[in-house]
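To start, the structure itself, in structure tokens.
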Amino acid sequence: MTELPRQARVVIIGGGVIGCSVAYHLTKLGWSDVLLLERKRLTSGTTWHAAGLIGQLRASYNMTRLAKYSAELYDSLEAETGISPGYRKNGSLAVALSEHRFEELRRGAAMAGSFGLEAHVLTPAECRAAYPLLNFDGVVGGVFLPTDGQADPANIALGLAKGARQRGATILEDVKVTGVTARDGRVTGVETAQGPVAAEYVVNCAGMWGREVGRMAGVDVPLQACEHFYIVTEAIAGLPRHLPVLRVPDECAYYKEDAGKILLGAFEPVAKPWGMDGIPEDFCFDQLPEDIAHFEPILERAIKRFPALETAGIHTFFNGPESFTPDDRYLLGEAPNLRHFFVAAGFNSIGIQSGGGAGKALAEWMDGGEPPMDLSDVDIRRMQPFQSNRRYLVARAREALGLLYADHFPYRQFETARGVRTSPLHERLAARGACFGEAAGWERANWFLPPQAAARGARAEYEYSWGRQNWFEHAAGEHRAVRETAGLFDMSSFAKFRVEGADAEAVLQRVSAADMAVPVGRCVYTQWLNPRGGIEADLTVTRLSETAFLVVTSASAQTRDLAWLRRQVPDGRPLRDHRRHLGRGGDLRDGPAGARRAAAAHPAGSRQSGLSLRHGAADRDRHGPGPGAPAQLRRRTRLGDLRPDRDGPTRLRRDPGERRRPRPAPVRPARPRLLPDREGVPALRPRHLGRGSRAGGRAGFRGEDRQAALGVRRLHRPRCGAAPPRGGAAPAAAAVPADRPGSAAVPQRADPAGRRGGGTDQFGRLRSLARRRRRSRLRAVPAGRERGGAPGERLRDRRRRHALAGRSLAAADARSGRDAPAGVRRQVALAAAPDAVKRRMWNGSIGVPVEPVAISSAITSPTPGPSWKPWPQNPKA
């Protein structure tokens with residue numbers, strides 16, 4: 001037996017198909033110091049008893065890419081390793097027993113075509129020709145995918161393991177991991193029964209043990225094992241070997257020909273969670289007790305659908321555990337709270353068809369430091385901490401398994417494990433006829449049942465369909481009410497956190513597309529950018545003081561955005577999470593009657609307190625007296641336009657206008673601001689959203705060089721010359737220094753007043769250069785004039801503090817071995833320049849040489865093999 005090494009670059013925990021795939025693809029990328037540890041024997045957890053179905057069509061483009069790559073890999077694995085995975089491309093056929101199901105299948109077939117996957121919509125007669133052994137009573141139609149297939153799961157894992165060994169990986173069996181070590185927020189290795197192993201990376205591929213392994217590292221990995229049933233018949237005479245995999249989702253069943261026998265499996269509507277008290281220590285290639293009564297309804301329908309089962313004997317009745325997540329999507333990626341601790345677990349019975357692609361994607365993520373594509377569908381950072389609660393997982397798992405074969409209607413809501421989080425207005429909303437949906441555990445009112453409909457006996461419940469659902473007219477009435485009168489939007493679920501410290505502005509400047517150097521109280525809508533210039537987050541940021549900012553983002557993105565921002569903060573500077581303390585009270589939408597209702601509902605937001613409902617230039621916070629607790633009113637909201645938005649402590653929030661408004665306007669939550677409903681959000685750039693870069697002419701933001709290479713236009717025109725005298729003619733466009741990457745000379749717009757055009761604001765309106773100058777943070781002003789900041793603060797004091805903040809961040813960058821951003825170097829250069837030069841630099845008449853931070857995201861393979869190729873560029877991004 002190979003001796004356990006005391007050090008490795010990466011330790012992979014778990015020897016199923018996922019762990020073997022990660023090891024295989026890391027060695028493809030040239031990682032030789034790879035150690036895989038399996039507690040018992042390879043494939044002994046879930047892989048060995050998987051059904052081995054290789055489907056490729058998934059719910060999104062990138063998930064389909066992963067599944068397609070898996071099929072390609074398994075097809076070439078024997079030529080590389082000599083181990084045959086038994087892969088056969090027999091295709092797959094899904095049949096519908098209702099018009100609703102047939103509509104879903106047709107939509108899936110259309111989507112498959114756009115993904116480059118062959119799919120055919122079949123009539124009942126064509127379905128009979130493709131699968132003649134089936135009883136087609138009640139069949140409406142079907143969809144056939146000819147490139148799908150089936151394989152031997154154990155041989156797939158063993159073949160991947162052999163390929164990894166051939167490139168230098170060490171794979172050890174009978175080595176149980178008992179702990180994960182970490183220091184300063186970064187993983188340092190694992191503890192085993194045979195001793196510790198130091199490692200730079202640790203990957204949790206422990207399958208149904210993944211939650212327990214995550215707890216060793218202090219990482220939430222929400223998954224729950226459930227019993228999964230199938231039977232294998234005796235040999236059936238004359239059974240064709242080329243039969244496609246058959247799925248009858250309306251009967252919760254799938255059929256696979258296996259060596260002259262039929263394997264019948266099911267995803268029953270109400271599942272049986274297993275292992276709530278822990279998985280037995282000696283569990284290895286084990287089966288769970290039979291439960292024929294639980295499987296009997298599936299079997300009865302299957303005998304009618306597949307008449308040959310009536311006379312065929314049952315060779316094996318199998319019951320084995322599989323792990324499921326709360327939303328039926330697997331967990332992939334780096335843990336949000338522990339650097340270099342990666343997770344690939346919870347595959348919801350699709351581990352074989354996803355194993356190849358998921359292993360490749362995770363290996364490239366580890367090698368390149370960021371996901372190779374948009375993996376937000378399966379990113380572990382979408383999960384919330386409460387979802388690791390055992391009681392929650394058990395309740396949700398009963399429903400999650402059955403939803404794999406349920407109708408996937410639009411707006412379908414989970415029914416189990418509800419009511420985890422509610423806003424202070426929840427009871428009032430329910431009393432007014434709200435139909436609630438769930439988002440990140442929050443109960444949010446999705447639509448309201450009018451009193452007239454309730455009097456007719458209607459209920460505030462979804463009636464699902466593929467056409468207009470029962471809430472459509474009710475929602476239209478809400479829209480009309482808000483447009484014509486006023487409405488309150490409960491936004492308690494939005495996540496909030498503060499960025500504080502001397503470097504807060506510099507950190508946000510580095511990652512934000514918009515300019516964060518704004519006066520205190522100003523609210524800015526922006527995106528956060530990655531090194532490719534793509535969008536990582538879509539949110540609002542409010543400046544609370546010179547050194548503090550409040551970030552407000554969507555409920556579902558709170559873990560991801562907070563974790564991503566923490567990675568951008570140098571030297572572990574503090575970042576406060578206000579999710580538990582600060583709740584969004586609501587937004588007042590001002591229609592024609594909005595001003596009157598706003599003054600009644602929010603006295604602190606009336607004109608007397610300094611906050612007007614008119615759309616103006618000052619997006620400022622106002623602190624006003626709330627009922628029992630201080631609150632903030634903000635002119636910018638998550639809805640994208642200007643209107644009052646009130647923040648206050650969640651536990652103290654009450655409706656301040658309840659007595660003043662006996663008949664309030666309909667109340668409902670705002671839908672998140674719509675990004676394009678397409679793949680590759682981290683690859684999306686401002687040009688995909690129909691706008692230019694919000695960074696304007698400033699330098700030093702993330703992805704600047706990438707945006708420049710792609711020719712992303714700038715909304716703000718470069719400040720490259722002094723304005724002409726008032727009343728004079730507009731000059732020709734001045735040249736932009738060559739060391740300003742991404743900038744280009746833009747012809748200046750003349751206006752009757754003789755002012756030079758200043759680009760557009762966030763609403764697309766033209767604004768003058770003089771207006772931009774008034775907003776500038778480092779703009780020369782007459783002596784003695786006070787600008788921004790605290791009362792009485794002069795401009796030179798602000799310059800000094802900004803220069804100190806720039807030096808502080810530059811020093812932190814130097815300690816970490818990376819270049820300071822160009823914006824910080826510009827601040828330091830401004831602070832050291834003579835006053836006369838400063839004025840000219842601030843006016844834009846002198847170009848300051850800056851160099852962009854060079855960050856490469858190219859990922860290539862040093863040792864390409866027959867089944868290996870880098871991910872192609874997403875044509876839809």
Side-chain angles (χ1 to χ4, degrees), residues 55 57-64 94 96-115 117 119 121 140-143 247 249-250 252 267 269 325-329 348 350 374 376-378 382 396 399-418 433-450 453 458-479 489 493 554-557 639 666 668-681 876:
L57 179 60
R58 307 303 301 158
S60 64
Y61 175 72
N62 282 335
M63 294 301 101
T64 301
L97 306 182
S98 67
E99 289 294 342
H100 281 312
R101 180 71 67 176
F102 194 36
E103 175 67 19
E104 178 181 354
L105 294 181
R106 286 199 301 265
R107 293 185 180 213
M111 187 171 63
S114 68
F115 294 166
L117 195 62
V121 179
V140 178
V143 169
R247 295 180 178 89
D250 291 302
C252 309
F267 293 103
T325 61
D327 59 2
D328 276 335
R329 290 177 282 152
N348 305 283
I350 60 168
D374 176 24
S376 55
D377 284 348
V378 293
R382 75 185 186 276
R396 177 58 59 85
E399 177 186 15
L401 181 146
L403 289 178
L404 293 177
Y405 274 9
D407 288 286
H408 300 94
F409 290 115
Y411 308 105
R412 179 153 191 162
Q413 303 293 322
F414 287 102
E415 298 177 359
T416 56
R418 295 289 296 269
C435 178
F436 291 96
E438 182 197 32
W442 285 92
E443 294 295 315
R444 303 207 297 197
N446 287 352
W447 54 274
F448 284 80
L449 184 71
R459 302 182 64 182
E461 297 176 353
Y462 276 99
E463 295 177 7
Y464 298 113
S465 74
W466 290 99
R468 287 189 175 181
Q469 299 182 7
N470 62 319
W471 52 266
F472 188 87
E473 294 301 329
H474 306 328
E478 296 173 37
H479 280 266
F489 294 75
S493 61
S554 65
S556 59
L639 300 179
R668 64 185 296 270
R671 302 188 189 281
R673 182 183 292 103
L674 296 181
L675 286 172
D677 186 14
R678 57 183 289 182
E679 296 303 309
V681 170
K876 296 181 176 294

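As the structure is a prediction and not an experimental result, all values here were calculated from the model. Along the sequence shown, residues are numbered consecutively beginning with 1.
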Rounded to the nearest 0.5 Å, what separates atom CZ in F102 from atom CG in L105?
7.5 Å

Between CZ of R444 and CD of E438, what distance do you get to the nearest 0.5 Å?
10.0 Å

Shortest non-hydrogen contact between [X] and [Y], atoms and distance:
X: L449; Y: A458; value: CD2-O, 3.3 Å
X: A439; Y: A555; value: O-CB, 4.4 Å
X: S60; Y: D377; value: OG-OD2, 2.6 Å
X: L404; Y: N348; value: CD1-O, 3.7 Å
X: Y462; Y: N446; value: OH-ND2, 3.0 Å
X: A460; Y: A434; value: CB-O, 3.9 Å

Would you tell me whether S376 and D374 have side-chain atoms, one donor and one acceptor, within less than 3.5 Å of each other?
yes

Check whether any side-chain heavy atom of [X] lies under 4.5 Å from a side-chain heavy atom of [Y], and answer yes or no.
X: M63; Y: R329; value: no
X: F409; Y: H100; value: yes
X: F472; Y: W447; value: no
X: H474; Y: P450; value: yes

Which residue is it: W466, W471, Y464? I am looking for the one with a ring-ring contact (aromatic ring centres under 6.0 Å, His included) to Y411.
W471

Does [X] have any side-chain contact (heavy atoms from CB on, under 4.5 Å) partners at least two apart in sequence or in another chain, and if so, which?
X: A406; value: L403, R412
X: A417; value: Y392, A395, R396
X: A400; value: D328

Is it true that a side-chain atom of R418 and a backbone atom of F414 form a donor plus acceptor pair closer than 3.5 Å?
yes

Would you confirm whether E399, through its side chain, and T416, through its main-chain N or O, come within 3.5 Å as a donor-acceptor pair?
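Between the backbone of T416 and the side chain of E399 there is a qualifying donor-acceptor contact (under 3.5 Å).
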
Under the ring-ring contact (aromatic ring centres under 6.0 Å, His included) test, which residues partner H408, sequence neighbours left out?
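Checked H408 against ring-ring contact (aromatic ring centres under 6.0 Å, His included); zero matches.
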
Excluding sequence neighbours, so at least two apart, what forms ring-ring contact (aromatic ring centres under 6.0 Å, His included) with Y405?
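Checked Y405 against ring-ring contact (aromatic ring centres under 6.0 Å, His included); matches are F267.
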
Hey, could you give me each pair passing salt bridge (charged side-chain N to carboxylate O under 4.0 Å, His left out) that has a residue in residues 102-112? Not counting sequence neighbours.
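Every salt bridge (charged side-chain N to carboxylate O under 4.0 Å, His left out) pair that includes a residue of residues 102-112, provided the two are not neighbours, is R101-E104, E103-R106, E103-R107.
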
For E461, enumerate each residue passing the side-chain hydrogen bond (donor to acceptor under 3.5 Å, both in side chains) test, keeping only those at least two apart in sequence or located in another chain.
R459

Salt bridge (Lys or Arg N to Asp or Glu O under 4.0 Å) partners for E415, two or more places apart:
none

R58: partners by salt bridge (Lys or Arg N to Asp or Glu O under 4.0 Å), with sequence neighbours left out:
none

